[in-house]
Amino acid sequence: MTMQCFGFHQGATPEDFSNLPPEQRRKKLQQKVDELNKDIQKEIDQRDALTKMKDVYTKNPQMGDAASVGQKLAEIGHNIEKLRFEVQKFEGWLAEVEGRLPVRNDNSRRQSGLYETQNTTTANNCAQDRESSPDGSYTEDQSQETEVKVTPTEFDDDFDDEEPLPTIGTCKALYPFSGENEGTISVAEGEVLNVIEEDKGDGWTRIRRNEDEEGYVPTSYIEVYLDRNAKGAMTYI
């Protein structure tokens, strides 16, 4: 079976990094926004310095031409406006990507914060026990007993987020895909793999070959068979 090129790894990289899987695209867009904001700050710093220079030249014409500095300030102002427009453009793409990405580990972070707070409370209680002990004695048994009492069993759920995503179906590769971009995985034509995250509307499906190999492939390159019993699974090709 011959394959037509769909532009996933040929030609110039799209300005919005739409050739990348969602998470990698988000990182690239965020990096671009940060770079643009740094450029804006540089222009602002230069504008402030030239503004002071113009004030000096205005008060002391013999020191320099205030008009020429004014022209430079106008150019910088134009550059800042262009950079801000670029920032808005990339932030729009970034918001679009982040709106499609699932929010994960928020519950885990909240639990971890609570766990650290309770551990701190435990340590403070132990210190108070040392100070309030009538004979000044304190044993490790007391420390262990206190820690056992406050250790919450529900925090065992924190480790659930570290487990691999469950399989929600299978797929068959219609075409070979080289997987050259970050976050993608290569597949051979006719290869059958497990689906662990369906297409969120951005043209990418996350698959797994084995415990150590997983990544995104273009949805148009595969035929998907989702398990109807899987939570939120939708059967489509």
Side-chain angles (χ1 to χ4, degrees), residues 1-36 38 86-87 89-109 158-237:
M1 183 182 295
T2 59
M3 181 194 69
Q4 295 180 348
C5 294
F6 292 92
F8 283 100
H9 37 74
Q10 287 192 0
T13 301
E15 186 182 16
D16 62 354
F17 303 107
S18 56
N19 63 313
L20 296 175
E23 182 59 32
Q24 284 67 37
R25 185 187 179 198
R26 183 194 67 79
K27 291 179 180 178
K28 289 290 186 181
L29 289 171
Q30 184 62 63
Q31 181 181 357
K32 186 65 176 180
V33 169
D34 292 341
E35 289 175 356
L36 288 170
K38 288 181 180 178
E86 288 293 304
V87 168
K89 182 172 63 177
F90 280 94
E91 284 181 340
W93 287 328
L94 182 60
E96 178 185 348
V97 174
E98 290 179 337
R100 292 176 178 175
L101 289 174
V103 180
R104 298 176 180 172
N105 296 331
D106 285 349
N107 188 48
S108 172
R109 285 195 291 269
D158 286 358
F159 296 100
D160 293 344
D161 292 327
E162 301 300 326
E163 296 178 0
L165 291 173
T167 299
I168 61 174
T170 60
C171 68
K172 180 180 179 180
L174 301 176
Y175 314 101
F177 179 64
S178 61
E180 296 175 355
N181 292 320
E182 180 184 0
T184 61
I185 183 173
S186 62
V187 296
E189 181 181 340
E191 186 176 3
V192 177
L193 305 103
N194 293 321
V195 177
I196 57 177
E197 186 177 299
E198 58 185 310
D199 191 332
K200 301 297 184 181
D202 46 32
W204 295 89
T205 298
R206 191 174 180 181
I207 63 174
R208 177 186 294 132
R209 177 175 288 113
N210 52 49
E211 294 182 357
D212 299 323
E213 290 186 272
E214 64 178 54
Y216 289 92
V217 296
T219 305
S220 59
Y221 278 47
I222 59 177
E223 188 172 10
V224 179
Y225 310 94
L226 292 181
D227 182 359
R228 294 182 179 180
N229 297 322
K231 184 178 180 181
M234 296 175 58
T235 303
Y236 61 89
I237 298 176

I want to check something: taking the side chain as every heavy atom from C-beta on, are Thr205 and Cys171 in contact at a cut-off of under 4.5 Å? no
Going by the angle between their ring planes, with limits at 30° and 60°, are Phe17 and Phe90 parallel, tilted or perpendicular? tilted
Gap separating the OG1 atom of Thr219 from the CD1 atom of Ile207, nearest 0.5 angstrom: 10.0 Å
How far apart are the C-alpha atoms of Asn181 and Gln24, what are their side-chain angles, what is the distance that settles it, and do they pass the side-chain contact (heavy atoms from CB on, under 4.5 Å) test? CA-CA 9 Å; Asn181 292 320; Gln24 284 67 37; over 6 Å; no
Applying side-chain hydrogen bond (donor to acceptor under 3.5 Å, both in side chains), can you list everything that pairs with Lys89, at least two apart in sequence or on another chain? Glu15, Glu86
So how far is it from Asn210 CG to Leu193 CG, rounded to the nearest 0.5 Å? 9.5 Å
When rounded to the nearest 0.5 angstrom, what distance separates CD in Glu223 from CG in Leu174? 5.5 Å
Is there a side-chain contact between Leu94 and Lys32 in this structure, where contact means two heavy atoms from C-beta onward sitting under 4.5 Å apart? no
Does Ser186 offer a backbone N or O that forms a donor-acceptor pair with the side chain of Arg209 under 3.5 Å? yes
Closest non-hydrogen atoms of Thr184 and Pro21, given as atom of the first, atom of the second and distance, are CG2-CG, 3.4 Å
Passes salt bridge (Lys or Arg N to Asp or Glu O under 4.0 Å), Glu35 versus Lys38? Steps please. CA-CA 5 Å; Glu35 289 175 356; Lys38 288 181 180 178; over 6 Å; no
Taking C-beta and beyond as the side chain, do Tyr216 and Pro22 meet within less than 4.5 Å on heavy atoms? yes
At what distance, to the nearest 0.5 angstrom, does CZ of Arg25 lie from CG of Asp16? 4.5 Å
Euclidean distance, Leu20 CG relative to Asp202 CG, rounded to 0.5 Å: 11.0 Å
Name all residues meeting the side-chain hydrogen bond (donor to acceptor under 3.5 Å, both in side chains) criterion together with Glu182; count only those two or more places apart in sequence or in a different chain, and write none if there are none. none
State, yes or no, whether a side-chain contact exists between Val224 and Glu198 at a heavy-atom distance under 4.5 Å. no
Quick one: does Pro218's side chain get under 4.5 Å of Trp204's, heavy atoms only? yes
Are the side chains of Val187 and Tyr221 in touch, meaning some heavy atoms are under 4.5 Å apart? no
Nearest 0.5 Å please: distance from the CD atom of Glu91 over to the CD atom of Glu96. 14.0 Å
